[in-house]
Amino acid sequence: MDWIDRGTSIEIIPPSEFDFKECLVYLERSDREVMHQVRNGFLYKLIKANQEPVLLKIGKSSDAIHVEFPANYPSSKSRREIAAYVWELFDLERDLTPFYEMASRDKVLHTLIDKYHGLRIIRIPDLFEALAWAIIGQQINLAFAYTLKKRFVEQYGEKLAYKGFDFWLFPDAQTIASLETDDLKGLQFSARKAEYMIGVAKEMASGKLSKESLLQKNDLGEMQKALIAIRGIGAWTADYCIMKCLNSTAAFPISDVGLHNALKMQLGMNRKPAIEEIKEIAANWKGWEAYATFYLWRSLYDEGL
DNA sequence: GCCCAGGTGTCTG
DNA sequence: CAGACACATGGG
């Protein structure tokens, strides 16, 4: 991690192949998003550092990512945590050279890496948030998923108000573990979704499931197995969370509808590709399936889908 | 009104 | 082990 602590702000020196504006396009994809705001080229996000909520204002100059603290100044210890958080959020540890090398010779990806050069996977560092968001998004359209997430966060999350805007922390697993399914059904969760959500929260609150223990597995198959063992987490949710939270570029949510639509578009098909066809197309992506998927998702925001 | 949605669990042959 | 089906509600 390459960063400079300036006391009242911090600077993070990103690697090459990083385009902040491209990342903002992805972050701006829904106007119902509650977990952050994008305004005037800045990303505003509330996070918890050293147990304290801190509002971040993240911008980019020619050579550095600048993080300012409009609402309250974090301690020195917190500033280090914040730098690490931003580093993880934009997946800055990754060397994209091998991905671009592979993609430049790929018939689907080569145009995308040109158009979105420097886009990195925007991560969800909090495992409970990643799992909860995936469960919310199962089998409903994305617009409604954002509505449900907003209600959920505004009901059970922590808020910081600053200059007339509300910024939110995602609810803790502990809070959600103590709910009854009817509580979530009141927010228009289906009974099934409510059960999954509370069940996963209980696993995390009890410590049986944690980001640390999953990261220790250090093997994609083992990680998938551990996640899929939990009720409500199938292959898609497991791979989505590994891709967004658990730091593997080989995770591949192959059944994802967005992926299917993006491929249909990129290949000029009049139907969505079958799983077997996708496996053939993706044979060339070995080790970079998550990045391929992410760039394909990004392509959907250009096509009016 | 109808089809689809960033799926999963369960049941059946 | 593949295939059918229920779930549950909004968006377009």
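Quick note: numbers below take in every heavy atom, side chains included, and nothing from hydrogens, waters or symmetry partners. In what follows, chains are A, B, ... by sequence order, proteins preceding strands, each numbered from 1.
Between A:Ile136 atom CD1 and B:dA5 atom P there is a gap of 20 Å when expressed in whole angstrom units. The CZ atom of A:Phe189 sits 16 Å away from the C1' atom of C:dC7 (whole-angstrom rounding). Distance CD1 (A:Ile254) to P (B:dT8): 13 Å, rounded to an integer number of Å. Protein atom CD1 of A:Ile275 is 14 Å distant from nucleotide atom C1' of C:dA2, rounded to whole Å. Computed from coordinates, the A:Glu195 CD to C:dA6 C1' distance equals 13 Å when rounded to whole Å. A:Lys193 has its NZ atom 14 Å from the C1' atom of C:dA6, to the nearest Å. Atom-to-atom, CG of A:Leu300 to P of B:dA5 comes out at 12 Å; the value is rounded to the nearest Å. The separation between A:Asn141 atom CG and B:dC4 atom C1' is 8 Å, rounded to whole Å.
The P atoms of C:dA8 and B:dC11 are separated by 15 Å, rounded to the nearest whole Å.
Taking the six-membered ring where the residue is Trp, A:Phe252 and A:Trp285 present perpendicular rings, their angle passing 60° and hence far from 30°. The aromatic rings of A:Tyr100 and A:Tyr295 stand perpendicular to each other, their planes meeting at an angle above 60°, with 30° marking the opposite boundary. A:Phe90 and A:Phe18 have perpendicular rings, their planes meeting at more than 60° on a 0 to 90° scale where under 30° would count as parallel.
The side chain of A:Ser190 lies closest to C:dA8, out of C:dA8, C:dG11, B:dG7. Nearest nucleotide to the A:Trp236 side chain, out of B:dA5, C:dG11, B:dG7: B:dG7. Comparing atom distances between the A:Phe144 side chain and each of C:dG10, B:dA5, B:dG7 picks out C:dG10 as nearest. Set against B:dT8, C:dG11, B:dT10, the side chain of A:Arg231 has B:dT10 as its closest nucleotide. When each of B:dG9, C:dT9, B:dA5 is scored by its nearest atom to the side-chain atoms of A:Gln188, the top-ranked nucleotide is C:dT9. Nearest nucleotide to the A:Gln139 side chain, out of C:dG10, B:dG7, B:dG9: B:dG7.
Residue A:Gln138 is in sugar-phosphate contact alone, with no base atom involved, counting any heavy-atom pair closer than 4.0 Å across all strands shown. A:Leu148 comes within contact range of no nucleotide atom at all, as no heavy-atom separation falls under 4.0 Å. Across all strands, A:Tyr240 comes closer than 4.0 Å to base atoms (heavy-atom distances). Using a 4.0 Å heavy-atom criterion, one finds that A:Ala235 contacts the sugar-phosphate atoms exclusively. At the heavy-atom level, A:Arg298 lies nowhere under 4.0 Å from the strands shown. Among the protein residues, A:Ala191 comes within range of the sugar-phosphate backbone only, with heavy atoms under 4.0 Å from sugar or phosphate atoms but none that close to a base. As judged by a 4.0 angstrom heavy-atom cut-off over every strand, A:Ile233 is placed among residues touching the sugar-phosphate backbone only.
Using a 4.0 Å cut-off, some side-chain N or O of A:Thr237 falls inside it from OP1 or OP2 of B:dT8. Here A:Asn261 does not reach the OP1 or OP2 of B:dC4: none of its side-chain N or O atoms lies under 4.0 Å away. Taking 4.0 angstrom as the limit, A:Lys272 places a side-chain polar atom (N or O) nearer than this to OP1 or OP2 of B:dA5. A:Arg151 has no side-chain polar atom (N or O) that falls below the 4.0 Å cut-off from OP1 or OP2 of C:dT9.
Between A:Phe170 and the choices A:Tyr156, A:Phe152, A:Trp133, the ring-ring contact (aromatic ring centres under 6.0 Å, His included) rule is met once, by A:Phe152.
Not less than 6.0 angstrom separates the ring centroid of A:Tyr26 from the ring centroid of A:Tyr116.
Nearest-nucleotide positions on DNA chain B place A:Tyr26 closer to the 5' end than the other of A:Tyr26 and A:Ile230.
Annotation: cation-pi pair A:Arg39/A:Phe165 present, NZ/CZ under 6.0 Å from the ring centroid and within 45° of its normal.
Judged by distance alone, with hydrogens and angles left aside, the side-chain atoms of A:Lys193 form no donor-acceptor pair with the main-chain N or O of A:Leu184 at under 3.5 Å.
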